[in-house]
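The chain is numbered in sequence order, starting from 1. In listed order, ligands and their atoms are each counted from 1.
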Amino acid sequence: MDIADQVKTIEEGLRRLDVKLIAVSKTKPAEEILEAYHAGQRAFGENVVQELLGKYEILPKDIDWHLIGHLQSNKVKYIAPFITLIHSVDSLKLLKEIDKQAKKHNRVIDCLLQVHIATEDTKFGLDHVEVIELLRSAEFMELTHVRIRGLMGIATNTPNQKEVKEEFRELKALFDGIKASFFKDEASFDTLSMGMSADYNIAIEQGSTMVRLGSTIFGGR
Ligand SMILES: *Cc1c(COP(=O)(O)O)cnc(C)c1O
């Protein structure tokens with residue numbers, strides 16, 4: 001199946017479940033992104049700032065760009081003018097820099113806190129306690145130009161579906177707990193970004209509202 005057919009089929013299925021599709025286009029050329037774009041896809045995810053900037057320059061301006069990979073504070077200024085959602089906020093320091101750069105551009109930037117749910121220690125992210133400490137901190141409460149929309153997590157890369165399911169289940173429980181404690185009256189705390197090509201069905205079953213799919217749409221990397 002080609003990229004256009006694939007993106008249409010997947011998006012249709014996800015829309016019925018009220019799950020948003022982020023097409024992960026990292027390492028893929030602009031022509032392939034355009035194939036998905038012409039099939040109606042507007043939300044694309046990249047994990048490297050330099051690559052994202054190159055694509056932002058040459059591709060249609062109504063694309064919603066999502067930063068899904070680890071972000072260094074010194075790179076925030078480059079994406080602050082246009083980024084739609086940063087999925088990978090893993091420190092208060094980074095969040096403060098996003099706030100500062102957003103202010104310069106008169107924007108409020110939507111962010112997700114990345115939670116470490118995998119057993120591998122190579123993956124970035126906050127643990128449960130750190131998420132809560134961040135949200136409770138006085139410094140966080142002073143930020144005016146970032147909006148926390150929810151949480152993001154990457155499950156362990158394993159064929160053990162039970163393990164993956166358990167990790168997503170825990171993230172959903174944390175999401176619900178945080179919503180109840182910190183964002184009770186804010187409808188904008190509505191995004192649980194979990195699920196990639198290998199595990200998005202399990203993620204959706206566990207309550208994901210946003211999946212990040214690369215190889216399922218564009219083929220292997
Ligand atoms: C690459 C990547 C994806 C997409 O991975 P696929 O297995 O190709 O679907 C999703 N999320 C993050 C954070 C990624 O880095």
| field | Contacting atoms of ligand 1, where contact means under 4.0 angstrom from a heavy atom of Arg212 | value |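 In order of numbering, the contacting atoms are 4 (C), 9 (O), 10 (C), 11 (N), 12 (C), 13 (C).
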Please work out, at 4.0 Å between heavy atoms, whether the side chain, the backbone, both, or neither of [X] comes within that distance of ligand 1.
X	answer
Ile154	side chain
Leu213	backbone
Arg221	side chain

Any nitrogen or oxygen of [X], main chain or side chain, under 3.5 Å from a nitrogen or oxygen of ligand 1?
X	value
Lys26	yes
Ser197	yes
Val24	no

Is Arg15 paired with Glu12 through a side-chain N to carboxylate O contact shorter than 4.0 Å?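 No.
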>> Looking at Tyr56, is its backbone amide N or carbonyl O close enough to the side chain of Lys61 to form a donor-acceptor pair, meaning the two atoms are under 3.5 Å apart?
In response: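 Between the backbone of Tyr56 and the side chain of Lys61 there is a qualifying donor-acceptor contact (under 3.5 Å).
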Main-chain N/O of Val108 paired with Arg147 side-chain donor or acceptor, under 3.5 Å: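 The answer is no, because no donor-acceptor pair under 3.5 Å joins these two groups.
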Donor-acceptor pairs under 3.5 Å, side chain of residues 29-40 to any protein atom, not counting sequence neighbours: which ones?
{"from": "Tyr37", "atom 1": "OH", "to": "Asp62", "atom 2": "OD1", "distance (Å)": "2.6"}
{"from": "Tyr37", "atom 1": "OH", "to": "Asp62", "atom 2": "OD2", "distance (Å)": "3.1"}

Exercise for the section: Could you give me the CA-CA distance, side-chain angles and deciding distance for Lys162 and Glu166, then say whether salt bridge (Lys or Arg N to Asp or Glu O under 4.0 Å) is met? Expected result: CA-CA 6 Å; Lys162 238 181 95 194; Glu166 186 53 28; over 6 Å; no
With a cutoff of 4.0 Å, is Ile68 in contact with ligand 1, counting heavy atoms of the residue only?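 Contact check Ile68 vs ligand 1: positive.
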- [ ] Determine, stepwise, if the pair Lys55 / Glu46 fulfils salt bridge (Lys or Arg N to Asp or Glu O under 4.0 Å).
- [x] CA-CA 9 Å; Lys55 290 173 177 174; Glu46 290 283 336; 2.8 Å; yes
- Query: How close does the nearest protein non-hydrogen atom get to atom 5 (O) of ligand 1, and which residue and atom is it?
  - Reply: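 The protein heavy atom lying closest is Met196 CE, 3.5 Å.
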Look at atom CD of Gln161 and say whether more than 12 heavy atoms of other residues, nucleotides or ligands are closer to it than 6.0 Å.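 No, not enclosed.
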